[in-house]
Amino acid sequence: MIVLKFGGTSVGTVENMRKVADIVRNTCGMRIVVLSAMSGVTNSLQRIIDLIELDKMNDAKIEIENLNKKYQHTVYDLFGSGNRFKEASLRISYFNNVLLSFSDKDYSDQLVREILAQGELVSTYLFQILLEENQENSKLVSALDFMRIDSSGEPVLDHIGDNLLAILQNNNVDVFITQGFICRNSNSDIDNLKRGGSDYTASLIGAALAVDEIQIWTDIDGMHNNDPRFVENTFSIEEISFDEAAELAYFGAKILHPQSIIPAKEKNIPVLVKNTFNPESPGTLIHDKAKVKKIRAIAAKDSITAIKIKSYRMLMAYGFLMKIFEVFEKNETAIDMITTSEVAVSLTIDNTEKLDRIIDELQSFGNIEVETDLSIICIAGDLAQNKKGVTSAIFNCIDQIPIRMISYGGSNYNLSFLVKTADKISVLNLLNDGLFSDLKKAESKKELV
Ligand code: ADP
Ligand code: ASP
Ligand code: MG
């Protein structure tokens with residue numbers, strides 16, 4: 001059994017959906033196809049939500065109408081006219097009415113989640129009728145019937161596996177279509193796995209059913225060595241370990257949802273990242289047998305806030321760090337990086353929802369300084385502490401850039417450091433030039449790449 005996940009661009013137009021249908025058709029065996037919303041739709045739904053929150057109902061209705069037009073065009077492109085066109089148009093009108101009815105309700109967290117779920121519900125509906133039109137033996141399965149998170153937002157793998165398996169066993173088809181991103185929570189209400197969460201859905205399904213492979217089909221030929229949005233001359237990585245890929249995803253490689261590698265890694269299921277628009281390209285294989293490379297890839301995570309706690313009294317006292325961590329735990333805020341000195345400890349967080357309370361509670365431990373607009377740069381590779389020369393190779397490239405924090409030695413495959421976001425693009429480019437370009441040009445420099 002294989003899970004194939006297709007992102008927003010892959011299902012963004014009818015032409016692209018047909019490419020996806022070809023890829024699904026050309027894959028053998030039992031297939032579970034996970035789809036994102038059509039590209040731009042979740043952003044549009046988020047705009048509708050923002051307008052409802054601002055009580056700008058007319059603007060919200062205009063945005064809903066724009067979405068409706070986009071869907072109606074898609075249905076026309078799919079079927080032209082005839083009975084299928086009528087049936088699909090009616091269904092799209094139904095989805096439109098659902099959105100309109102939301103715009104009459106009071107703003108609430110639950111309303112937000114229900115609106116955000118509408119994108120994947122529509123894209124999977126459209127794709128299923130495209131397959132039906134092509135006489136493909138497939139079934140649309142609602143992710144809301146099996147995908148579940150608990151009260152802490154963590155996926156419940158047993159529930160996912162048991163419920164999905166029961167659905168698969170009751171249906172004699174080879175291709176199942178389902179929504180990425182959406183799920184139910186511990187109250188059985190509609191919820192989601194956070195932006196970009198369709199990758200996570202694919203990995204969770206793969207792990208829950210112990211499939212042979214999880215395929216992530218996107219708009220680029222696999223994972224690149226650096227962020228192609230900010231750096232020219234990046235290249236696709238042939239293979240990468242689970243740990244390195246998980247680290248890069250967590251630290252900003254947008255191609256994968258931050259948590260999406262963990263379920264696959266835990267069940268040792270290979271993840272193949274492929275390009276829908278260039279299926280011949282080998283893509284990137286994420287697995288546990290990836291040949292070691294000193295420096296594999298670089299990623300950057302923005303919107304980082306650093307908090308420094310300075311205390312001459314307490315830092316050396318045992319239990320001090322625990323008390324600090326408790327503040328973050330109580331406020332359900334994850335810490336990304338930490339560095340200590342004799343008189344101060346610096347931490348970074350990316351979720352600032354509870355920052356005011358955290359600062360308030362930390363005041364009793366010492367002097368607090370907060371710095372915002374920072375980015376973590378993450379370098380993944382074989383960075384074990386017994387290796388010589390790697391750290392100097394990295395820092396030599398960026399000797400003109402001020403560095404706020406460095407984290408090294410926490411694991412064997414990651415080095416991260418903190419810079420001002422204003423310096424991020426320069427840092428990514430300097431590292432690319434210093435660590436990859438020259439080395440790629442000259443095979444002799446293989447010792448670092
Ligand atoms: P999808 O809609 O298919 O989920 P995403 O937009 O979420 O696609 O992810 C693909 C995009 O991720 C690429 O188009 C690329 O711009 C961006 N990206 C960021 N970092 C990387 C990286 N290291 N390798 C490849 N793509 C990356
Ligand atoms: N549609 C959702 C988003 O845009 C989930 C996804 O595409 O993975 O974030
Ligand atoms: Mg994505």
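The first residue in the sequence is number 1, and the count goes up from there. Numbering of ligands and ligand atoms starts at 1, following listing order.
For atom 13 (C) of ligand 1, the nearest protein heavy atom (residue, atom name, distance) is D219 OD1, 3.5 Å. The nearest heavy-atom contact from the protein to atom 9 (O) of ligand 1 is I255 CA, 3.5 Å. Nearest non-hydrogen protein atom to atom 5 (P) of ligand 1 is K254 NZ, 3.7 Å. Here the heavy atom of the protein found nearest to atom 7 (O) of ligand 2 is S36 OG, 3.0 Å. The closest protein non-hydrogen atom to atom 8 (O) of ligand 1 is T218 OG1, 3.2 Å. Atom 2 (O) of ligand 1 has its closest protein heavy atom at G8 N, 3.2 Å. Nearest non-hydrogen protein atom to atom 4 (O) of ligand 1 is K5 NZ, 3.0 Å. Of the protein's non-hydrogen atoms, the one nearest atom 16 (O) of ligand 1 is R229 CG, 3.3 Å.
At a threshold of 4.0 Å, the pair K420-D423 does not count as salt-bridged, since none of the basic side-chain nitrogens sits closer than that to a carboxylate oxygen. Salt-bridge annotation for D50 and K56: absent, with no side-chain N of the basic residue lying under 4.0 Å from a carboxylate O of the acidic one. A salt bridge does not link K139 to D174: none of the charged nitrogens lies less than 4.0 Å from a carboxylate oxygen. For the pair K293 and D382, the salt-bridge criterion is not met [side-chain N within less than 4.0 Å of a carboxylate O]. Using a 4.0 Å cut-off between charged side-chain N and carboxylate O, K5 and D199 make a salt bridge. Between R184 and D191 there is no salt bridge, since no side-chain nitrogen of the basic residue lies less than 4.0 Å from a carboxylate oxygen of the acidic one. Under 4.0 Å is where a charged nitrogen must lie from a carboxylate oxygen, and between K291 and E239 no such pair does.
Put simply, the residue from E238, E244, E247 that forms a salt bridge (Lys or Arg N to Asp or Glu O under 4.0 Å) with R296 is E244.
Taking every non-hydrogen atom of T42 and a distance limit under 4.0 Å, the qualifying atoms of ligand 2 come out as 1 (N), 2 (C), 3 (C), 4 (O). The contact set between ligand 1 and I220, taken as ligand atoms under 4.0 Å from a residue heavy atom, comprises 13 (C), 25 (C), 26 (N). In the vicinity of M223, heavy-atom distances shorter than 4.0 Å reach the ligand 1 atoms 24 (N). Under a 4.0 Å criterion applied to the non-hydrogen atoms of S198, ligand 2 contributes the atoms 5 (C), 6 (C), 7 (O), 8 (O).
Aromatic pair F395/F417: centroids less than 6.0 angstrom apart. Aromatic rings from F6 and F127 are positioned such that their centres are separated by 6.0 Å or more.
Counting heavy atoms closer than 4.0 Å to ligand 1, residue H224 contributes atoms from both its backbone and its side chain. Of all the heavy atoms of E120, the ones lying under 4.0 Å from any atom of ligand 2 belong exclusively to the side chain. Of all the heavy atoms of N226, the ones lying under 4.0 Å from any atom of ligand 1 belong exclusively to the backbone.
At a 3.5 angstrom cut-off on N or O pairs, K5 does not count as close to ligand 2. Inclusion of G196 in the set of residues having an N or O under 3.5 Å from an N or O of ligand 2 is warranted.
With distances taken over non-hydrogen atoms, the option nearest atom 21 (C) of ligand 1 out of P228, G196, G180, A253 is P228. The heavy atom nearest to atom 4 (O) of ligand 2, out of those in M38, K194, R195, Q46, is found in R195.
Between F235 and H224, every side-chain heavy-atom pair lies at or beyond the 4.5 Å cut-off.
Within the 4.0 Å heavy-atom cutoff, G197 counts among the residues contacting ligand 2. No heavy atom of S236 sits closer than 4.0 Å to any atom of ligand 1.
Of the inter-residue distances, the one linking Y250 atom OH with I261 atom CD1 reads 15.0 Å to the nearest 0.5 angstrom.
Within a 6.0 Å radius of CD in Q110, more than 12 heavy atoms belonging to other residues, nucleotides or ligands are found.
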